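The first residue in the sequence is number 1, and the count goes up from there. The structure presented is a predicted model; accordingly, all values stated were derived computationally and were not measured.
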Amino acid sequence: SEPSFFEETTMQLLCIFFHPQPSITALGGAEKRFLETSKIWLKRGIKIIAIEPRPCLLSETTVNLEVHKLSSLIRHTGKSWLITYVGWILWTLMACFKGASIAKAQKLNIVLATNNTLPNLVPAYFIHTISNLPLCVVVHHIDIPSSSNDESLLEIYRMYRKIEYDKLTSLIKTLALLITLFIIRRSNTCIAVSNSTAKTLLRNKVPKNKVHVSGNGVNIGYIESFKF
């Protein structure tokens, strides 16, 4: 039987679940992790309110699951990544306003950024800031070109240039790294999916008491369902 907490309390999570369009990338580990984890939470009676781009990965017919679908104003055509980035920025702004509206209308317990990409982090942090709700961030990977935490932003930019990113991409990645670490340091807690990721967070001045490790699992039943 489930603990009495779940029997007596309806916990409500506001989850920012941004993922790129299928035409850009296949379903990744971050998305799979949230989809599988959310099933466990829903079975325990926890209500999940998710903000997600179209096409959605979450099932709208699931009990205790409320999905707010936001369409991207700009679609990826394969011709320019800059256009794609602009589309993601616009989606991020829409998610901020939608999340603020939900936080005002409903009694929430936690804001969850399901991945440490900026379209997940920025809306979650914005909602956390205006509502004072606890913020939890799931950290899958920190794109840092060095193992040291002493480099200046200019030095990080130069490192991206050394590994053959162009000037604009290097600048975007440097600024994205700055914002990512800023938000993670100010979260209430962050879940690293590996010890290596946790060590990277600690090297970059994320307080130790905020960092928890929860590795990605393996679905043995799914694997055994295949016949060889």
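Listed for the Thr169 side chain is no donor-acceptor partner under 3.5 Å among the backbone atoms of Asp166. In terms of modelled atom types and a separation under 3.5 Å, the side chain of Thr200 and the main chain of Ser196 share a donor-acceptor contact.
Under the 4.5 Å side-chain contact rule for hydrophobic residues, Ile172 and Leu121 share a cluster. Ile184 and Ile179 fall within the same hydrophobic cluster, defined by Ile, Leu, Val, Met, Phe, Trp and Tyr side-chain heavy atoms under 4.5 Å apart, directly or through other members.
Side-chain N/O atoms of Ser194 and Thr197 include a donor and acceptor closer than 3.5 Å. Ser170 and Arg161 form no side-chain donor-acceptor contact under 3.5 Å, judged by distance and modelled atom types alone.
Remark: Thr117 engages Asn120 in a side chain to side chain donor-acceptor pair (under 3.5 Å) (not counting sequence neighbours).
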**Request:** Output, in order, the C-alpha distance, side-chain angles, deciding distance and verdict of ring pair (Phe, Tyr, Trp, His ring centres under 6.0 Å) for Phe17 and His19.
**Result:** CA-CA 6 Å; Phe17 184 40; His19 47 81; 5.0 Å; yes
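The stretch residues 181-191 participates, sequence neighbours left out, in these side chain to side chain donor-acceptor pair (under 3.5 Å) pairs: Thr189-His212.
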Distance-only donor-acceptor hits, side chain of residues 91-106, under 3.5 Å, sequence neighbours excluded:
{"from": "Trp91", "atom 1": "NE1", "to": "Leu70", "atom 2": "O", "distance (Å)": "3.2"}
{"from": "Thr92", "atom 1": "OG1", "to": "Trp88", "atom 2": "O", "distance (Å)": "2.8"}
{"from": "Gln106", "atom 1": "NE2", "to": "Glu66", "atom 2": "OE2", "distance (Å)": "3.1"}

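How far CZ of Arg203 is from CD1 of Ile142: 10.5 Å, rounded to the nearest 0.5 Å.
Residues Ile51 and Phe18 have side chains not in contact (no heavy-atom distance under 4.5 Å, counting atoms from C-beta outward).
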